[in-house]
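So that the names make sense, note that chain A is the first sequence line, chain B the second, and so on, each numbered from 1.
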Amino acid sequence: MDDYAPVMTPEDLSVAVRECVLALQAEGALGGQPPAEVVIERPKNRDHGDYATPVALTLAKSAGRPPREIAALVAARLDGVAGVAEAEVAGPGFINIRLAADAQGALAGQVVESGADYGRGSLLAGRRVNVEFISANPTGPLHLGHTRWAAVGDALARVLAAAGAEVSTEFYINDRGVQMDRFGASVMAVAQGRPVPEDGYHGAYITDLAASIVAEHPEFLALPEDEQLVAFREAAYTLQLAQQQQVLELFRTHFDTWYSERSLHDSGAVERGMERLREQGHVFELDGATWLRTTDFGDDKDRVLIKADGEMTYFASDTAYYVDKRTRGFDTAIYLLGADHHGYVNRLRAVAACAGDDMDVSVEVLIGQLVKMMRDGEEIKLSKRAGTLITLEELVEEVGVDAARYSLIRYPVDSPLTLDLDLLVQRTNDNPVFYVQYAHARIASVLRNAAESGIDWRTAGYDPALLVHEREGELLRALAEFPAVVASAAELREPHRVPRYLESLATAYHRFYDACRVLPRGDEPTEPIHLARLWLCAATRQVLANGLTMCGVTAPDRM
RNA sequence: GCCCCCGUAGCUCAGGGGAUAGAGCGCCGGUUUCCGGUACCGAAGGUCGCAGGUUCGAAUCCUGCCGGGGGCGCCA
């Protein structure tokens, strides 16, 4: 495996085409703006070659020549490039390119050698990124609204890391304020055998919390009322937070930092944040309150930091928290928020600007639309009051972690999403996660069979020039796309591109498998083509596994 | 009133300025002596909400309108 032909990936091809253009321009054969980057497409129509580039069309204007003329020049030069079998002008000025079989087939070897690293890149190298998501009150179980973020936030972090960013995930614990007191009061009331206060929390979990706290600390009930409230509040907080953490662990969503709002206040970070804003000159006093002039930076109204009664607003905490993140060395703070928080976008951006940062770089807010659920063809109405709130845990129990995560990640976050529970448990093609996992399991099975037949494909190596079948080419080009998919998913903060890609890769594999026999039949001898196809299988398995891992979904060898 | 999101096949939805707009489901019809048929192939099905604009080129970018969903706090 050390003397196979050099690989020609789409990225390589883009560079090669650009070099052709630059050379022509340097020689004076072609005018116009030197292209910063050359677009390479994978044409849908096979008559248009393996790859195509519209570079001549984009160059035509600045070069002052017809696109087809430019395309002819570039194509002629491209014909001599190693790994390019053919380059021809088509249509209004596209250049259709066909790769040499060995240059395309060599990718399988590269993928297998790269292993888990294939797909990783350096697009975001050097960027320190904080991804904050969920950030629920520790006053109850995580529900469906949090679950989308648990999946998407985690996948986003993995995708950003794959693109080279230094990523840290963070959960902001809202453990301060009246909600906590209401929570504590609710648990205490139940423990005392009294009804929950009108403005309290009503779920059955409150009863469970009260019961386990009383079992552990019967002495709490003897405390004076105010001390008792604190005791129950703190004990319930500890239990509930642990429950959230445990469920998220189960959901394979890992947080590097659990950041307590209390610690933000206790550490003096709030004062430091306030100081930073005063230095920047955007803080002012009015009507006895202290304000931040966020309207200087596109917010529709100024915001109160300290109320006239001297109390900090929630906004003050948010602001200090942002400054704290920056102080901890993050270049970018990404926030994943629900649609009900879209009003926060301009506010957070303005906060960054008020702190002296570039709000287009330092803050990014992703707004997610709501999640609905269906069962038996009918929408499940979710209501806190009616107690039909679905928790993360219940969803996992019903459909499993893989199906839940995959189907939540599969859609752009800014589009509303309806989970069909009946579909998610189906082990059929209708269920995309099974379709992709099945492809992985199928390949694993082929590789197992190869090993059992004593075919040691890995040490035997392969001849990449043998992968000339149409379906082999399709599959190789699909594999070649993966790094660009990961890069764009990271750059655009759109992790859904990964599962969508995996589905197309699974299709390409099934099509290949359907048309190309991998293992020798019966007692046929092992031919070079079998080895080449085994490498192709192994490469596909690797990319499916890498992509599924990026989604936090397992890649099973058997199903 | 102001702000955000959405409008693409019968349904659920992909589609970062490129050639003849795609997938799954559903419907109709096919494919297997042997590697996982939980697969594959084919057919039918579209004024990409409407109207302008930018461009060599628009589902994609811009403006306006129509339709649907969500949101506005000296609350936390």
Side-chain angles (χ1 to χ4, degrees), chain A residues 39 41 43-45 47-48 52-54 57-58 60-61 66-67 90-94 96 137 139 174 176-182 261 286-291 300-309 311 313-315 317 338-346 367-370 372 374 410-418 420 423 426-432 434-435 437-439 441-450 452-453 471 488 491-492 494 496-497 499-501 503-504 506-507 509-524 530 533-534 537 558-559:
Chain A
V39 173
E41 297 164 353
K44 280 158 263 174
N45 188 332
D47 295 338
H48 297 154
T53 175
L57 292 161
T58 46
K61 192 160 197 177
F94 290 98
N96 294 337
N137 293 325
T139 54
N174 291 119
R176 201 169 163 277
V178 303
Q179 293 304 324
M180 287 300 291
D181 289 332
R182 287 176 186 165
E261 187 186 355
L286 181 70
D287 300 334
T290 302
W291 299 66
D300 50 0
K301 58 196 287 188
D302 293 324
R303 307 289 169 175
V304 174
L305 290 163
I306 305 171
K307 292 189 265 186
D309 62 10
E311 200 155 325
T313 60
Y314 205 81
F315 175 68
S317 296
D340 52 339
H341 284 70
H342 89 264
Y344 280 47
V345 178
N346 283 337
I367 296 296
Q369 299 299 310
L370 301 178
K372 293 180 189 167
M374 281 177 53
R410 192 173 174 260
Y411 299 90
V413 289
D414 53 11
S415 62
L417 159 58
T418 304
D420 184 337
L423 177 68
Q426 279 179 36
R427 304 170 62 83
T428 68
N429 199 349
D430 320 6
N431 188 353
F434 277 97
Y435 182 74
Q437 288 182 317
Y438 173 72
R442 194 181 213 189
I443 301 172
S445 169
V446 171
L447 296 176
R448 267 197 309 272
N449 292 344
E452 280 165 20
S453 310
R471 299 279 170 86
S488 68
E491 187 183 7
L492 298 169
E494 292 183 353
H496 77 272
R497 286 165 184 271
R500 294 286 172 169
Y501 161 78
E503 288 159 36
S504 69
T507 296
Y509 181 77
H510 288 313
R511 282 166 56 83
F512 152 77
Y513 183 87
D514 193 62
C516 301
R517 175 79 200 187
V518 178
L519 297 175
R521 297 160 190 267
D523 30 317
E524 280 176 6
H530 300 130
R533 285 176 177 165
L534 278 166
C537 285
R558 286 191 172 84
M559 295 177 68

Residues forming a side chain to side chain contact (heavy atoms under 4.5 Å, CB included) with [X], sequence neighbours excluded:
X: Val178(A); answer: Arg182(A)
X: His496(A); answer: Pro412(A), Glu494(A), Arg500(A)
X: Leu519(A); answer: Val446(A), Asn449(A), Ala450(A), Ile455(A), Arg517(A), Leu534(A)
X: Gln369(A); answer: Arg148(A), Ala339(A), Ile367(A), Pro416(A)

What is the distance from atom CG of Asn137(A) to atom CG of Asn174(A), rounded to the nearest 0.5 Å?
-> 5.0 Å
Spacing of CG belonging to Leu417(A) relative to NZ belonging to Lys372(A), to within rounding of 0.5 Å | 10.5 Å
Rounding to an integer number of Å, can you tell me how far [X] [atom1] sits from [N] [atom2]?
X: Arg410(A); N: A14(B); atom1: CZ; atom2: P; answer: 9 Å
X: Asp420(A); N: C25(B); atom1: CG; atom2: C1'; answer: 11 Å
X: Arg517(A); N: C35(B); atom1: CZ; atom2: C1'; answer: 4 Å
X: Arg511(A); N: C35(B); atom1: CZ; atom2: C1'; answer: 19 Å
X: Ile443(A); N: A39(B); atom1: CD1; atom2: P; answer: 14 Å
X: Gln437(A); N: U38(B); atom1: CD; atom2: C1'; answer: 12 Å
X: Asp514(A); N: G42(B); atom1: CG; atom2: C1'; answer: 13 Å
X: Tyr513(A); N: U32(B); atom1: OH; atom2: C1'; answer: 11 Å

What heavy-atom pair brings [X] and [Y] nearest, and what distance separates the two atoms?
X: Asp47(A); Y: Asn96(A); result: O-ND2, 4.3 Å
X: Val304(A); Y: Phe315(A); result: O-CD2, 3.6 Å
X: Pro92(A); Y: Pro67(A); result: O-CB, 3.4 Å
X: Arg410(A); Y: Pro499(A); result: CA-CG, 3.9 Å

Roughly how many Å apart are [M] and [N], using the [atom1] atom of each and rounding to a whole number?
N: C61(B); M: A76(B); atom1: P; value: 39 Å
N: C65(B); M: G1(B); atom1: P; value: 11 Å
N: A39(B); M: A21(B); atom1: P; value: 28 Å
N: U12(B); M: G49(B); atom1: P; value: 15 Å
N: G69(B); M: U8(B); atom1: P; value: 15 Å
N: A44(B); M: G36(B); atom1: C1'; value: 31 Å
N: G22(B); M: C62(B); atom1: P; value: 25 Å
N: A51(B); M: U60(B); atom1: P; value: 13 Å

Every stem of 3 or more Watson-Crick or G-U pairs under 3.5 Å that RNA chain B joins, in order of first number, is B:1-7 with B:66-72, B:10-13 with B:22-25, B:28-31 with B:39-42, B:49-53 with B:61-65
Where do N or O atoms of nucleotides 72-76 of chain B meet protein N or O atoms at under 3.5 Å, pair by pair?
unit_1: C74(B); atom_1: OP2; unit_2: Lys301(A); atom_2: NZ; d: 3.3
unit_1: A76(B); atom_1: OP1; unit_2: Lys307(A); atom_2: NZ; d: 3.1
unit_1: A76(B); atom_1: O3'; unit_2: Val178(A); atom_2: N; d: 2.9
unit_1: A76(B); atom_1: N6; unit_2: Tyr344(A); atom_2: OH; d: 2.4
unit_1: A76(B); atom_1: N1; unit_2: Tyr344(A); atom_2: OH; d: 3.0

In chain order, what residues pass the salt bridge (Lys or Arg N to Asp or Glu O under 4.0 Å) check against Arg176(A), with sequence neighbours excluded?
-> none
With sugar-phosphate meaning primed atoms plus P, OP1 and OP2, does [X] contact a base, only sugar-phosphate, or nothing at under 4.0 Å between heavy atoms?
X: Ala444(A); result: nothing
X: Arg533(A); result: nothing
X: Tyr438(A); result: base
X: Cys516(A); result: base
X: Ser488(A); result: base

Can you sort out the partners of [X] under side-chain hydrogen bond (donor to acceptor under 3.5 Å, both in side chains), two or more places apart, ordered by chain and number?
X: Ser488(A); result: none
X: Arg471(A); result: none
X: Ser317(A); result: Glu261(A), His265(A)

Are Tyr435(A) and C40(B) close enough that a side-chain N or O sits under 4.0 Å from OP1 or OP2?
-> yes
Listing time: all N or O pairs from protein to nucleotides 3-9 of chain B that are below 3.5 Å?
unit_1: C3(B); atom_1: O2; unit_2: His342(A); atom_2: NE2; d: 2.9
unit_1: C5(B); atom_1: O2'; unit_2: Asp414(A); atom_2: O; d: 2.6

Less than 4.5 Å apart, any side-chain heavy atom of Arg448(A) and any of Arg558(A)?
-> yes
Residue mapping more 5' on RNA chain B - nearest nucleotide basis, Thr418(A) or Gly522(A) = Thr418(A)
The nucleotide from G15(B), C40(B), G37(B) with an atom nearest the side chain of His510(A) is C40(B)
Please write out each protein N/O paired with an N/O of nucleotides 17-22 of chain B under 3.5 Å, distance rounded to 0.1 Å.
unit_1: A19(B); atom_1: N6; unit_2: Asn96(A); atom_2: OD1; d: 2.7
unit_1: A19(B); atom_1: N1; unit_2: Asn96(A); atom_2: OD1; d: 3.2
unit_1: U20(B); atom_1: O4; unit_2: Asn45(A); atom_2: ND2; d: 3.0

Can the ring centres of Tyr509(A) and Phe512(A) be said to be less than 6.0 Å apart?
-> yes
